[in-house]
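The structure appears right after this line, and notes come after that.
Since this is a predicted model, take the numbers as computed values, not measurements.
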Amino acid sequence: MAPAVPLAVLALVALVAPGLGAAPGCDHPVHRWCSSRDIAAACQVQSRCPSLPSPAAAPVQLSLYYESLCPACREFLVLKLFPTWLLLPEEMLSITLVPYGNAQERNVSGKLDFQCQHGPEECLGNMMEACLMHEAKNFSTYFAVIFCLESGSSVTKNLEACLQIYAPELDSGRITACLQGDTGVALMHHNAQVTEALDPPHQYVPWITVNGKHTDELQAQAEASLLGLVCHLYQGEKPEICGSSKAPKSPSGCRR
């Protein structure tokens, strides 16, 4: 990218008026002063190089603490979170999914056992999605499959079909092995610890944190217009979709 200030002018300033030239300790030749933001900063000439690209903005960090069978959780994930993620550039929004919610962890005869708000099927769904994330690793892959599971008629019975549609490269046998072995239990134990460590403690699900914080206001804004909230918080260049209108308010969550 060509600098906004002609290099010849910068060179003349450096030669004729050294006091207005590069900062002490700048060992870069004048024709390199506007070649990068780091060099411009080292030579203290940023104001003479306004055409330098802006530093990349950090993505908005959103964490969703949820239960696989909670109706309000499913609605938020399917109708708000997934569409918002699809609409926005990848660098704008970073999502963490924690399937556990209002479950309870117990130690029974030396083995961990989980009780879930919506029964054993929800515990299976929570662990299935945790195992899916563990095996797929790539967010784009497992989020699409989780969207498929949560939007379908059965979270726990549609794994094969959802994998065939969204991630045929994944081996369902590995996910089943995770579910039936120690890995699934370890993943749920981790989710239990992360959920119980929330500050403030979660009172219901879906429980949303934005950039590591949870407030009633942030929760309400995320439920009312997640797209608008992310667009408002993102500090980088915003796409045209950020002019979109607000979404309807979500229903009440699944309380303890």
Side-chain angles (χ1 to χ4, degrees), residues 59-70 73-74 76-78 80-82 84-86 90-91 93-108 110-198 202 205-212 254:
V60 175
Q61 303 278 345
L62 185 144
S63 294
L64 175 64
Y65 298 82
Y66 71 104
E67 299 167 349
S68 62
L69 298 189
C70 166
C73 298
R74 297 177 73 175
F76 179 78
L77 190 151
V78 171
K80 302 288 180 67
L81 186 57
F82 189 75
T84 298
W85 174 73
L86 286 178
E90 183 178 356
E91 64 270 15
L93 179 61
S94 175
I95 299 170
T96 300
L97 302 174
V98 185
Y100 185 80
N102 298 329
Q104 299 292 323
E105 182 182 58
R106 302 181 306 165
N107 189 315
V108 179
K111 294 184 178 182
L112 293 178
D113 179 66
F114 303 94
Q115 291 186 327
C116 296
Q117 185 172 11
H118 298 92
E121 187 177 2
E122 180 169 82
C123 283
L124 176 61
N126 290 346
M127 189 179 292
M128 181 180 292
E129 294 183 4
C131 285
L132 175 62
M133 289 184 245
H134 176 74
E135 293 298 331
K137 296 181 173 59
N138 180 275
F139 180 82
S140 299
T141 300
Y142 67 68
F143 193 27
V145 179
I146 289 174
F147 162 78
C148 179
L149 294 173
E150 294 290 342
S151 61
S153 58
S154 172
V155 171
T156 59
K157 296 177 182 177
N158 290 338
L159 179 62
E160 288 284 356
C162 288
L163 286 175
Q164 288 178 15
I165 296 170
Y166 290 101
E169 72 279 7
L170 286 182
D171 180 3
S172 63
R174 293 180 62 87
I175 298 172
T176 300
C178 173
L179 281 169
Q180 297 175 347
D182 295 338
T183 302
V185 174
L187 293 171
M188 294 313 302
H189 175 62
H190 171 77
N191 286 356
Q193 290 182 310
V194 171
T195 302
E196 293 304 317
L198 283 167
H202 86 284
V205 287
W207 186 263
I208 301 160
T209 67
V210 181
N211 292 333
C254 295

Any sub-3.5 Å donor-acceptor pair from [X]'s side-chain atoms to [Y]'s backbone N or O?
X	Y	result
Thr195	Ala192	no
Glu122	Leu69	yes
Asn158	Ala161	no
Asn126	Ser68	yes

Can you tell me how far [atom2] of [Y] sits from [atom1] of [X], rounded to the nearest 0.5 angstrom?
X	Y	atom1	atom2	answer
Ser63	Asn211	OG	CG	9.5 Å
Tyr66	Asn102	OH	CG	14.0 Å
Met127	Thr183	CE	OG1	10.0 Å
Glu135	Leu170	CD	CG	8.0 Å

Item to check | Greater than 12 external heavy atoms within 6.0 Å of Lys137's NZ | outcome: yes
Next on the checklist: Tell me whether the count of non-hydrogen atoms from other residues, nucleotides or ligands lying under 6.0 Å of CD in Glu169 goes above 12.
Outcome noted: yes
Is the shortest side-chain heavy-atom distance between [X] and [Y] below 4.5 Å?
X	Y	result
Thr209	Leu198	yes
Leu159	Met128	yes
Pro59	Glu91	no
Pro206	Leu64	yes
Leu97	Met133	yes

Checklist entry - Does a donor on one side chain and an acceptor on the other come within less than 3.5 Å for Gln193 and Tyr100? => result no
Checklist entry - Which residue pairs pass the salt bridge (Lys or Arg N to Asp or Glu O under 4.0 Å) test when at least one of the two sits in residues 138-156, sequence neighbours left out? => result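 Of all non-adjacent pairs touching residues 138-156, those that pass salt bridge (Lys or Arg N to Asp or Glu O under 4.0 Å) are Arg74-Glu150.
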Next on the checklist: Run the disulfide (SG to SG under 2.5 Å) test against Cys123 and tell me which residues pass, sequence neighbours left out.
Outcome noted: Cys116
Checklist entry - Centres of the Phe147 and Trp85 rings: under 6.0 Å? => result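 No - the distance between ring centres of Phe147 and Trp85 does not fall below the 6.0 Å cut-off.
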